[in-house]
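A short worksheet on the structure shown next.
In what follows, chains are A, B, ... by sequence order, proteins preceding strands, each numbered from 1.
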2 protein chains.
Amino acid sequence: MGKQAEITIHDIAKKLGISASTVSRALNNNPLISKATQAKIKETAAKMGYRPNTMAANLRTRKTNTIGVIVPLINRHFFSSVISGIEDVAYNSGFAVTITQSNDSFEKEEKIAQTLYSNRVDGVIVSIGMETTKFNHLKHFSERNIPLVFFDRVVDEIEAHKISVDDFNGGFKATQHLIEQGAKKIAHIGGPLNLNIYRKRLDGFCAAMKKAGLEVDRQMLLHNSLTRTDGTNAIKKLLKNPQKPDAIFCANDTTALSVIIYLVENGIKIPEDIMVVGFSNEPFSEVVTPSISTIRQPGFEMGQKAAELIIEQIKQKNQPSLFQNIVMPTELIIRQSSFKKKG
Amino acid sequence: MGKQAEITIHDIAKKLGISASTVSRALNNNPLISKATQAKIKETAAKMGYRPNTMAANLRTRKTNTIGVIVPLINRHFFSSVISGIEDVAYNSGFAVTITQSNDSFEKEEKIAQTLYSNRVDGVIVSIGMETTKFNHLKHFSERNIPLVFFDRVVDEIEAHKISVDDFNGGFKATQHLIEQGAKKIAHIGGPLNLNIYRKRLDGFCAAMKKAGLEVDRQMLLHNSLTRTDGTNAIKKLLKNPQKPDAIFCANDTTALSVIIYLVENGIKIPEDIMVVGFSNEPFSEVVTPSISTIRQPGFEMGQKAAELIIEQIKQKNQPSLFQNIVMPTELIIRQSSFKKKG
DNA sequence: TTGTACGCGTTATCAG
DNA sequence: CTGATAACGCGTACAA
């Protein structure tokens, strides 16, 4: 059915009465080729509708010009922003991007890593899942000299470039802000502590409390998976305590949102009775009522940076002697959910 | 640097004193191989840390087990949901997914299509950009027998499977709902009319108006790129008209949001003075105040379906004689921005 | 049930 | 500056 055979460099060579290697060189802008023949070759290649077969070139050069990306969930604003940033930079450098999602499942993360390896991606950018506590599947890449860059949910145990936001400082600033607004009994709804972003946010929280001479009440510290449901359960639990919080620092905006919705439904005033601060600056946080105070996380820029770092590594083949640990600054955005008075 | 050479099927063969083809067959579960040798081969393959080189297999089989995806913008809830759905199904069928974004630029869309072709993706799932009015770069795929599936922003001019929501009916239901709520002078802020999703939403709008015996005022029809800024500009314009609208049907939630924000800021009551309905059911629409009535678009499911269709096509090699035009049902979600009374 | 021989389309090496 | 030749690692007729 008109299924015209693929045109190869040999077809071009034959038509021009030259060799395939000359065609290959011309198409790859090899400087050894005379301008005249190069022009002629490119012209007829275009005329014949030639499209290079990347697979063959890949096999030969042992490169795929492809970057693999592993995220917990594509369909989440922060992660899709990062992906968008990665794609932006990668595309402009001639790299394709293969996206995978672990769904926060360790098993899937392992399989994905295998697949990406089999596909011989030139590098991998990864944010680990909530279940991940072993890292052999990722070490495998660095052992084979395949560049690896972590972002957000980074792994301390592996040497690699890492990009994160200043989670400690974010937690600190959020908490300090609540204190400045008059909070004394501050609760924290955090994520799984095997992820260091959540450890650091908690540490920042504790540091700010300590600095203000406030006590961290064990009853006020909750850890879960930070879903809408988790948030609702957490606020219910907190409200049952004898000591009720006057402010809550949530480790993400999703939890903050569900807390706010629950409080509003139950006639508890925000920020008068309870103040709330989230983390990540999701799109909804600005527009919900009350709008959610939060910590901005520059996803797109993190993705761009991750792509830049990995491409740099890919190009200079051997692993860098010194790995960067890039910590992007966080920004506290004060909105209605925590604004009582000037701090 | 411990850079151990890649292990190939030849290494396994040598170690076991058998031929490479036997190893190849065993690893691919070819039924001709005896269970015993197959088991032995798989075992030593695992022991030696063998990972298949997909590139070589791809070159040989002329398949990549990769699906290319083109979307206008990754970082947008609807699209990232679709991508998530695609990845979900693709992964379970052994396909990798390469994601690209056109940024609604025709030029980039063309280049991306070329790249995907050169990468010999087995199929392409695409939602075209706002600028796209020519389709040669996409026709190229179907001409070469490379399966193509459109979703959401589909193209009438190309024969292929298409998945969209019932935009006409969505526009119709949204408008009819406004009419039932008592609206008489309904405005529409729509998208570029070269995209048929926006044409159909407009058509649905007009049909509902006609059915109710209401006149469509030309002054009340605005078309733009549906960004936050576009929405603000549009509502300003509408309010300057001598005839002011008592309801607005926006072709997406982003525009509806900016309209609502502008109205609230200017003391115009929603829904009492002006009712608003959006389209897509973005995450923020449920939680903003007033919450936004909208049309639900099942992104994840659309992605799953798109992946299923393309994988089916890829597997049965030759193009199907009959292309499906799947229209997913829309659902009207009534929220505060348009709820005055029972319809 | 297994082995042999070849080719997928490209690039790298070596001559010229 | 250009050409011939040999890989890259795998899958598959065909033969045994």
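Backbone-only contact: A/N28 has heavy atoms under 4.0 Å from sugar-phosphate atoms and none from a base. If you check every strand for non-hydrogen atoms under 4.0 Å, A/I33 touches sugar and phosphate atoms only. Here B/S21 lies in heavy-atom contact (under 4.0 Å) with a base. Across all strands shown, B/T37 has heavy atoms under 4.0 Å from sugar-phosphate atoms exclusively, and none from any base.
Map B/T22 and A/H10 each onto its nearest nucleotide of DNA chain C; the residue landing nearer the 5' end is B/T22. When each of B/T61 and A/V23 is assigned the nucleotide of DNA chain D bearing its nearest heavy atom, the one mapping closer to the 5' terminus is A/V23. Nearest-nucleotide assignment on DNA chain C puts the 5′-proximal partner with B/P31, out of B/P31 and B/R120. Taking for each of B/N53 and B/R25 the nucleotide of DNA chain D with the nearest heavy atom, the 5'-most of the two is the partner of B/N53.
Note: CG (B/N58) to P (C/dT10) measures 15 Å, nearest angstrom. For the pair A/L32 CG and D/dG3 P, the computed distance is 13 Å after rounding to whole Å. Atom CD1 in A/I12 sits about 12 Å away from atom C1' in C/dT10, given to the nearest Å.
With hydrogens and angles left out, the side chain of A/R60 and the base of C/dA12 share no donor-acceptor pair within 3.5 Å.
Distance from the side chain of A/I18 is smallest for D/dG3 among the nucleotides D/dC10, D/dG3, C/dT1. Taking every side-chain heavy atom of A/I9 into account, C/dT10 is the closest of C/dT2, D/dG9, C/dT10. Residue A/R62 places its side chain closer to D/dG9 than to any other of D/dG9, C/dT2, D/dT2.
For the residue pair A/S21 / A/S24, no side-chain donor-acceptor distance below 3.5 Å is found, with atom types taken as modelled.
Contact between the side-chain N/O atoms of B/Y50 and the OP1/OP2 oxygens of D/dG9 is not found at any separation under 4.0 Å. At the phosphate of C/dT4, neither OP1 nor OP2 sits under 4.0 Å from any side-chain N or O atom of B/S19.
Ring geometry, A/F151 versus A/F78: the interplanar angle falls from 30° to 60°, so the pair is classed tilted.
Contact check on A/K108 versus A/E131 returns no salt bridge, with no Lys/Arg side-chain nitrogen under 4.0 Å from an Asp/Glu carboxylate oxygen.
Figure legend: cation-pi geometry between B/K134 and B/F106 absent, as NZ or CZ is not positioned both under 6.0 Å from the six-membered ring centre and within 45° of its axis.
Between B/Y117 and B/H140, the distance from one ring center to the other falls under 6.0 angstrom.
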